[in-house]
There are 2 protein chains.
Amino acid sequence: MNVVEVSKVLSNETRVNILKWLKAPEANFPPHQDIDHFDDGVCVGYIQDKTGLSQSTISTYLNSMQQAGLVIPTRHGKWTYYKRNEEVIEAYYTTLKEVL
Amino acid sequence: MNVVEVSKVLSNETRVNILKWLKAPEANFPPHQDIDHFDDGVCVGYIQDKTGLSQSTISTYLNSMQQAGLVIPTRHGKWTYYKRNEEVIEAYYTTLKEVL
DNA sequence: AAATCATATCTATATTTTTCGATATGTCGA
DNA sequence: TCGACATATCGAAAAATATAGATATGATTT
């Protein structure tokens with residue numbers, strides 16, 4: 001976990017919101033068509049709808065978040081689901097507390 | 001305390017280092033000429049020396065850190081001392097934990 | 001196999017951030 | 001009050017980020 005890299009992700013309102021929403025997918029997103037759970041997170045399209053930004057922008061965001069280790073992608077058919085990576089998020093807190 | 005604004009500050013290695021160093025000034029900086037304590041933090045010149053960056057860059061950094069509420073400046077004669085603002089740093093942790 | 005759908009990647013432009021040198025401001029000492 | 005010193009601010013160039021449309025890839029459906 002790289003503090004600077006994670007901080008870059010968090011220095012954008014939309015990306016912070018995505019992480020926030022993914023904390024409670026049932027409350028923030030409609031149910032998926034093919035699956036009846038959010039165990040692997042939420043598909044890109046739903047996240048895009050909620051932000052109002054373009055598909056490519058959201059895909060880029062999610063990619064940077066994945067690079068930083070904050071989210072984990074899982075492919076289900078034609079959809080990619082993204083969920084939070086709680087370990088890395090926790091590690092960010094911990095490292096900040098230690099280092100800062 | 002604004003999460004995005006603070007995150008922007010933390011998305012730079014040098015600025016993270018400055019906060020780190022200011023946690024233990026005695027260990028990281030030489031004693032000041034005019035004062036024999038670090039109660040108000042460390043003067044800009046010492047911080048600049050330690051980073052190797054230009055005077056104007058460090059002044060800009062410290063200004064952005066102050067805007068974000070992370071540090072508090074105090075003027076002593078011709079020197080400006082900067083110290084950490086523990087309350088805001090703590091608020092950042094707390095808010096992250098809640099929000100994220 | 002072709003059309004369709006979801007997502008990723010590429011390319012390009014606009015905006016923001018980084019960083020510096022030059023200059024301004026404020027303070028002290030001669 | 002004048003020069004020297006510490007810091008702040010200004011203006012500019014380079015680098016990074018944001019964002020979108022176009023296109024590519026991978027999977028499903030017909």
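Per chain, numbering begins at 1; letters A, B, ... match sequence-line order.
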Colleague: Out of D:dT7, D:dA18, C:dC5, which nucleotide sits closest to the side chain of B:Q55?
Modeller: D:dT7
Colleague: Would you mind telling me which of C:dT17, D:dT9, C:dA6 lies closest to the side-chain atoms of B:K8?
Modeller: C:dT17
Colleague: Give me the atom names and distance for the closest heavy-atom approach of B:G41 to B:H32.
Modeller: O-CE1, 3.4 Å
Colleague: Could you work out which one of C:dT7, C:dT18, D:dT7 sits closest to the side chain of B:V44?
Modeller: D:dT7
Colleague: When the distance from OH of B:Y81 to P of C:dT27 is rounded to whole Å, what number comes out?
Modeller: 14 Å
Colleague: Between D:dG21, C:dA8, D:dT9, spot the one nearest the side chain of A:T80, thanks.
Modeller: C:dA8
Colleague: Whole-Å distance between D:dT17 C1' and A:E5 CD?
Modeller: 14 Å
Colleague: Answer yes or no: does a side-chain N or O of A:T57 lie under 4.0 Å from OP1 or OP2 of D:dA18?
Modeller: no
Colleague: Side chain of B:S56 only, heavy atoms from C-beta on: which candidate in D:dA6, C:dT7, C:dG21 is closest?
Modeller: C:dG21
Colleague: If only side-chain N and O atoms of A:Y82 are considered, is one of them under 4.0 Å from the OP1 or OP2 phosphate oxygen of C:dA8?
Modeller: yes
Colleague: To the side chain of A:K78, which of C:dT9, D:dG26, D:dA6 is closest?
Modeller: D:dG26
Colleague: Has A:R75 got a side-chain N or O lying under 4.0 Å from the OP1 or OP2 atom of C:dA8?
Modeller: no
Colleague: Do A:Y82 and A:V42 have side chains that get closer than 4.5 Å, going by heavy atoms?
Modeller: no
Colleague: Can A:E90 and B:K97 be counted as an ion pair, charged N to O under 4.0 angstrom?
Modeller: yes
